[in-house]
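Here the structure comes first, spelled out in structure tokens, and everything after it is commentary.
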Amino acid sequence: MKAVSKGKSKKTKSDATEEVWNLRLYVAGQTAKSISAFTNLKKICEEHLAGKYQIEVIDLLKNPQLAKGDQIIALPTLVRKLPEPIKKIIGNLANTERVLVGLDIRSV
Amino acid sequence: MVKKKHNTVVLEKCPTGIKGLDEITKGGLPKGRPTLICGSAGCGKTLFAMEFLLRGALDFGEPGVFMTFEETPDDLAKNFISLGFDINDMMLRGLIAMDHVYIERSEIEETGEYDLEGLFIRLGSAIDSVGAKRVVLDTIEALFSGLTNAAIIRAELRRLFHWLKERGVTAIVTGESGDKMLTRYGLEEYVADCVILLDFRIDEQISTRRLRIIKYRGSSHGADEYPFLIDEGGLSILPITSLGLDYPVSSQRVSTGVPKLDAMLEGKGFYRGSTILISGTAGTGKTSLAATFADAACRRGERCLYAAFEESPSQIIRNMASIGIDLAPWVNKGLLRFHSARPSLYGLEMHLLTFHKIINEFHPQIFIVDPISNLNAAGSATEVKSILTRLIDYLKMSNITTFLTDLTHFEGVLERTSEEISSLIDTWILLRDIELNGERNRGLYILKSRGMSHSNQIQEFLLTNRGIGLIDIYTGSGEVLTGSARAAQEAGEKAIDLVRRREAERKLRAQERKRNALEANITALRAEFDVETLEVQLMAEEEQKRQAVQAEDRLDMAHLRRGKPLDIQALRSKKKTKG
């Protein structure tokens with residue numbers, strides 16, 4: 001998945017106090033589910049966290065040992081590493097409302 | 001195609017290494033397929049699965065992966081170190097891999113479609129890391145409580161079991177018992193090959209664990225409920241009827257320790273490896289007989305295991321010293337080992353297993369249980385019988401001479417032991433009270449002894465300070481007497497004997513006198529007769545003389561009258577004889 005490296009979008013500290021959202025998306029190869037999950041995530045981040053998010057896509061087919069660390073069972077899984085506490089959202093993130101609730105993003 | 005057909009005919013099995021299980025399953029779990037272990041909480045599922053894995057890695061060269069959904073690897077490692085398995089060390093040596101799957105529902109939000117590929121990847125990576133042949137998923141049901149979309153889980157489980165089969169790993173999946181189903185979430189639906197149910201019951205405050213193979217596709221298996229135990233050696237299953245009647249027998253004989261009793265058994269004693277039962281009411285000397293037997297065995301240099309259910313070892317040693325049997329040196333030498341436990345201390349299975357374990361480490365030639373009747377406190381009669389059958393079978397297989405004592409309660413049914421195990425017994429000796437004339441004495445007789453012509457006599461059984469003595473019982477004048485009655489009877493009989501003997505002697509003497517008198521008579525008569533004979537002879541002689549003289553006179557006269565020459569001749573001859 002090409003998105004892997006280029007997904008790392010980092011940005012702008014509009015406020016010094018503003019926290020950076022560190023998001024990790026676990027997938028297994030380029031399946032329909034993983035592509036749609038990435039697309040959905042990207043869209044949500046751009047809308048709600050523009051400029052203060054960072055997405056890391058981890059392909060478990062390439063790095064299976066990484067699954068243990070974040071207790072990944074279902075795929076795709078989105079893990080909110082920062083801000084704490086850690087949150088997990090599984091599924092292709094099609095339901096934006098639930099993703100926002102899951103990530104605890106106050107809609108602005 | 002042909003090959004596949006062949007495979008289905010001979011189902012390959014994967015030995016578990018769990019004591020007894022491979023016997024019941026005739027080789028182990030189905031190789032390369034998943035097996036479901038279900039049961040209620042605390043019934044030993046995790047232990048079963050872990051032991052399968054660890055024994056596989058240690059004994060069968062099959063590394064394994066333990067995927068735990070509940071306990072953490074640290075907890076597991078702590079739990080199993082007490083069973084003698086060092087999981088951390090085995091992980092370091094690459095024998096097993098562990099993965100703790102932790103699902104916290106509150107941390108997870110579900111949006112849209114997903115699958116459980118992550119689990120597959122983790123499992124696959126763990127399998128590859130050690131080259132695992134065995135996999136345990138304990139318990140995969142946690143998925144149902146961690147995730148909400150049951151439809152996805154079910155679909156994924158189906159795929160998981162397929163995937164496991166494809167990878168050719170032998171898997172154990174555990175599942176908690178449900179209300180009406182074997183498992184709460186119906187895992188048995190996915191695992192079609194082998195299902196084993198573990199059960200944990202408490203009867204009269206004594207717990208028993210049981211195992212049952214619910215199904216085993218493509219293989220015959222024991223269908224009973226098998227008791228099993230968990231102790232410091234792990235899990236042990238006791239197959240109830242796993243042993244056949246094909247044990248080797250010995251024609252060697254072992255002394256009973258009582259010479260007279262040996263004499264009753266063809267002069268040689270019991271067969272080695274046979275089963276001996278001593279039954280009798282309280283205080284008939286069962287323990288003394290057992291101790292004598294043990295003492296004799298130790299004297300021969302054999303090892304003897306004495307399972308005492310009534311008395312403590314020191315009490316037995318003290319009491320036996322009073323009849324001149326000193327067991328303490330044998331204990332010190334390590335030839336005699338006591339195993340003392342209250343029967344109600346734990347369940348029957350535990351007793352049996354404890355016996356197995358001690359026998360396996362002590363290797364006794366003689367095994368004494370005193371008494372078996374006390375086992376009734378730990379289980380029902382049928383259970384006791386089943387335990388004893390298995391115990392006796394096992395001991396026979398090991399050619400251990402088994403000496404059981406049995407306390408019977410009613411005089412009338414002495415011949416029926418409460419456990420009705422007589423068919424298992426080779427030599428059955430009965431000790432009984434004989435009450436007579438305000439005295440209680442002990443009698444011993446052999447009810448049966450397979451394979452030898454034993455004595456049919458009742459012997460009086462005496463406990464003296466020099467051990468056990470057997471005395472021929474008094475059976476004269478059509479009654480049986482023991483103790484002082486026997487002594488009295490014997491004394492009385494002696495007196496009568498004496499009187500009779502005297503009478504006979506007197507008669508003999510009278511007859512002798514008569515004979516003497518008769519002989520005197522005969523002598524007198526003969527003397528008289530002799531005298532008469534003499535007289536008669538004398539008379540006859542005189543008559544002869546007289547006649548001779550007469551004849552001479554007549555010749556003389558004739559000569560004087562005629563003077564013929566012929567007569568001169570006659571006269572000459574007469575003169576000649578005279579000269």
Side-chain angles (χ1 to χ4, degrees), chain A residues 1 23-41 43-44 57-81 83-105, chain B residues 65-70 72-74 91 97-130 132 137-157 159-160 163 167:
Chain A
M1 183 183 268
L23 303 174
R24 222 179 251 183
L25 182 65
Y26 287 89
V27 293
Q30 297 193 44
T31 61
K33 275 197 283 271
S34 40
I35 291 169
S36 74
F38 182 70
T39 321
N40 291 336
L41 176 63
K43 203 176 108 219
I44 293 165
V57 177
I58 295 174
D59 187 350
L60 291 179
L61 291 185
K62 290 177 186 154
N63 300 303
Q65 69 285 358
L66 295 179
K68 245 180 169 173
D70 275 321
Q71 283 294 350
I72 304 305
I73 305 149
L75 289 179
T77 296
L78 173 67
V79 180
R80 185 188 82 177
K81 300 292 277 184
E84 297 208 304
I86 288 176
K87 294 254 176 196
K88 282 185 200 159
I89 302 171
I90 59 176
N92 63 0
L93 314 176
N95 185 332
T96 309
E97 278 308 307
R98 297 202 62 165
V99 177
L100 293 177
V101 173
L103 285 179
D104 204 10
I105 299 173
Chain B
V65 168
F66 196 97
M67 194 168 236
T68 168
F69 292 78
E70 287 173 337
T72 66
D74 272 354
M91 280 166 71
M98 271 205 164
D99 191 357
H100 179 218
V101 177
Y102 171 77
I103 312 166
E104 179 54 62
R105 198 165 194 159
S106 63
E107 286 181 8
I108 295 175
E109 192 68 40
E110 295 177 33
T111 71
E113 281 177 42
Y114 59 91
D115 56 37
L116 298 180
E117 189 63 27
L119 191 68
F120 286 67
I121 288 171
R122 282 171 76 168
L123 195 51
S125 128
I127 289 173
D128 293 339
S129 72
V130 291
L137 301 171
D138 178 45
T139 163
I140 201 151
E141 285 181 324
L143 290 176
F144 287 95
S145 53
L147 303 171
T148 48
N149 195 332
I152 289 180
I153 298 172
R154 292 190 180 280
E156 288 296 281
L157 278 183
R159 190 161 73 94
L160 177 69
W163 180 81
R167 298 220 45 162

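For the numbers below, each heavy atom of this structure counts, side chains included, while hydrogens, waters and symmetry mates do not. Below, chains carry the letters A, B, ... as their sequence lines are ordered, and counting in each starts from 1.
Annotation: maximal heavy-atom pairing with chain B below 4.5 Å, among I72(A), N40(A), V79(A), occurs at I72(A). Counting heavy-atom pairs closer than 4.5 Å to chain B, the top residue among K68(A), Q71(A), Q65(A), K88(A) is Q71(A). Per-residue counts of heavy-atom pairs under 4.5 Å with chain A were compared for E110(B), E156(B), R122(B); the largest is that of R122(B).
A salt bridge between R98(A) and E109(B) is present, with a side-chain N of the basic residue lying under 4.0 Å from a carboxylate O of the acidic one.
With a threshold of 4.5 angstrom between heavy atoms, K33(A) approaches chain B through side-chain atoms but not through N, CA, C or O. Residue contact with chain A, scored on non-hydrogen atoms closer than 4.5 Å, is absent for L123(B). When heavy atoms are compared at a cutoff of 4.5 Å, L147(B) approaches chain A solely by way of its side chain, counted from C-beta outward.
Of the inter-residue distances, the one linking L25(A) atom CG with L93(A) atom CG reads 6.5 Å to the nearest 0.5 angstrom.
Under the 3.5 Å distance criterion, with hydrogens and angles disregarded, a donor-acceptor pair is assigned to the side chains of D70(A) and Y26(A). Using a 3.5 Å distance cut-off with no hydrogens or angles, the side chains of T31(A) and S34(A) do pair a donor with an acceptor.
The environment of CD in E107(B) is crowded: more than 12 heavy-atom neighbours from other residues, nucleotides or ligands sit within 6.0 Å.
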